[in-house]
There are 2 protein chains.
Amino acid sequence: MAAETAGPKPGTAAWWLAREDEPARQRRRRSLTLEAILDASMTLLDTGGAAALTMRNLAEALGCTQASLYRHVRNREELVTLLVDRALDVASSAPPEDADWAGKAAWSARLFREHLLRHPGVASLLRGTERLGPNSLAGVQYSLELFIGAGLGPRLASAASSALATFVIGSVHFNLGLDVSDSEESRHRRLLYRSRDASALPLLVEHADVLSEVGSDDVFEAGLTALLTGFRVLIEREGGTRD
Amino acid sequence: MAAETAGPKPGTAAWWLAREDEPARQRRRRSLTLEAILDASMTLLDTGGAAALTMRNLAEALGCTQASLYRHVRNREELVTLLVDRALDVASSAPPEDADWAGKAAWSARLFREHLLRHPGVASLLRGTERLGPNSLAGVQYSLELFIGAGLGPRLASAASSALATFVIGSVHFNLGLDVSDSEESRHRRLLYRSRDASALPLLVEHADVLSEVGSDDVFEAGLTALLTGFRVLIEREGGTRD
DNA sequence: ACCTGAACACCGTTCAAGT
DNA sequence: ACCTGAACACCGTTCAAGT
């Protein structure tokens, strides 16, 4: 494993660690900044989607050459890693004080989801793996507060927190591909279900109308409620003592 | 919207519908088959990961020219759509007969997850959106059987089924990025947590050792149990009458 | 010491030209 | 009627050569 030659893979703990040990890479006069690169990336992403985030577009937007970008970033992958963590800075508004832990968790999950849906370009870069950048860690801390506060031990609290994040990100991906806005798709889906072989797929044929109307919001809310209910039951049942 | 000119987008209901109306595209003697293309694609995917699935590699593996591929497939996207549904053919082994609906659902979810983990190339192409191909529909039918049989109405059953699939796929993505096999990463993660600012992220610092040990299996099992428990509570509480 | 132009080795896709 | 060679317009990345 000569992985050391090129340094650790972007996004890994080793990479984040190595990153802060470096003496700030740039004391350049006023030339290109990493900040400026990330800003421009975000704009590209929000404007033209993930496909628009190319090194060429980025260089053009910044008025520099492609090669200059590699002075601040080793890889496109590294760029994406930094970008995604930055885009996770969403904890600006705090949940209602009078809610219990589950209410707060639900509130935060919805906020997170809406944020991602507002930035589909970012969401499509999210592989669900980025959990170690500063913004992600702040989210983990908050999540742990809720679950540990509710009575779970740290191990279960951590698993629960990750499971919740996994579900939120997964359902945003689900959303992105579904084109909810397109009412034609719902109509076609009904036609598709209806025309299946009723002996092989009886429930699809029978409930074609209902099935074609179930949207990603319904899926998200159903899953979110179930997850939190499940955790609540776990807490009541075991009191978190098992950890 | 001159979308009709190029036909519906691969993966949409309209696309699947249009596909079966076509008179079977090929009666060619014994030349290139769509089946052969899909087989070769799967091999490439399992061998070299998603990055290896290029039209050039595919043509080379099949001993034909790139352009020939476009005779059977309009797009790379179309290829991927067909491929992914084909790879979802996993319902070969049936769950234990004596389990209740939740036991069967858990069994199937684990089976699905393991299948995807065995084919990471396929999994990384899964956007969580492909739910309309023949194999996906068979999975939906099975899922609906379980949830409707357990007492949910068709709408909630559909949402629950999609939520479960969303979670499974999301957690596989989570897995793929985590490199569980790499024990170095766990060590580095512990270092990372430990070295955070204890006043800003107290729980991360305090539970660094435990947190760095929580793996994707734990996350999956915690989420799966919570989801199914949540659905069970919903069923007991409402009896499915609300649908 | 810094930056860049120009190239390299790849992509997916198209289409005139061959058979 | 079928297939293909060769190109097109893109990628991310590198590096000798300039200043």
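Worth knowing before you read on, the calculation uses all heavy atoms, side chains too, and leaves out hydrogens, waters and symmetry mates. Just so it is clear, the structure is predicted and the values come from calculations on it, not from any experiment.
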May I ask you to verify if any side-chain N or O of A/Ser68 is less than 4.0 angstrom from the OP1 or OP2 atom of C/dT4? yes

Once Watson-Crick and G-U wobble pairs under 3.5 Å are found, how is DNA chain C written in dot-bracket notation, 5' to 3', with | for any base paired to another strand? ||.|||||...|||||.||

Give the intermediate values and the outcome of salt bridge (charged side-chain N to carboxylate O under 4.0 Å, His left out) for residues B/Lys9 and A/Glu185. CA-CA 10 Å; B/Lys9 194 174 155 246; A/Glu185 175 67 5; over 6 Å; no

Any chance you could measure B/Ser68, atom OG, to B/Leu32, atom CG, to the nearest 0.5 Å? 6.5 Å

If you compare all heavy atoms of A/Leu227 against all heavy atoms of B/Gly223, which two are closest, and at what distance to 0.1 Å? CD2-O, 3.7 Å

Hey, is the side chain of B/Asn75 poking within less than 4.0 Å of OP1 or OP2 on C/dT13, counting only N and O atoms? yes

Using only heavy-atom distances, decide whether a donor-acceptor pair under 3.5 angstrom links the side-chain of A/Gln66 to the base of D/dT13. yes

Whole angstrom is fine here: how far is it from CG in A/Leu79 over to P in D/dC11? 15 Å

side-chain contact (heavy atoms from CB on, under 4.5 Å) evaluation trace for B/Thr54 with B/Leu44: CA-CA 9 Å; B/Thr54 71; B/Leu44 278 177; over 6 Å; no

Expressed in angstrom and rounded to an integer, what is the separation of B/Glu77 atom CD from C/dC11 atom P? 19 Å

Could you check whether A/Arg110 pairs with A/Glu221 (Lys NZ or Arg NE/NH1/NH2 to Asp/Glu carboxylate O, under 4.0 Å)? yes

So which one's nearest nucleotide on DNA chain D is more toward 5', A/Asn57 or A/Ala67? A/Asn57

Checking all strands, does B/Leu58 fall into the base, sugar-phosphate, or nothing category for heavy-atom contacts under 4.0 angstrom? nothing

Can you measure A/His72 atom NE2 to C/dC2 atom P for me and round it to whole angstrom units? 11 Å

Rounded to the Å, how far apart are A/Tyr70 OH and C/dA7 C1'? 14 Å

Give a yes/no on whether any side-chain N or O of A/Thr54 is located under 4.0 angstrom from OP1 or OP2 of D/dC11. yes

Whole angstrom is fine here: how far is it from CD in A/Glu60 over to C1' in C/dT4? 16 Å

Write down the distance between CZ (B/Arg76) and C1' (D/dA9), rounded to a whole number of angstrom. 18 Å

When rounded to whole Å, the CZ to P distance for the pair B/Arg74 and C/dT14 reads 10 Å

Could you state the CG-C1' distance from B/Leu69 to C/dT14, rounded to the nearest angstrom? 13 Å

Heavy atoms under 4.0 Å, any strand shown: does A/Leu53 hit a base, just sugar-phosphate, or nothing? sugar-phosphate

Taking only the side-chain heavy atoms of B/Arg56 (C-beta and beyond), determine which of C/dA7, C/dT4, C/dG12 contains the nearest atom. C/dG12

Of the listed nucleotides C/dC3, C/dT14, D/dG12, the one nearest the side chain of A/Arg71: C/dC3

Quick check against the 3.5 Å criterion: does A/Arg155 have a side-chain atom that pairs as donor or acceptor with the backbone of B/Glu213? no

Kindly write out the residues that satisfy side chain to side chain donor-acceptor pair (under 3.5 Å) with B/Arg196, not counting sequence neighbours, or none if the list is empty. A/Glu20

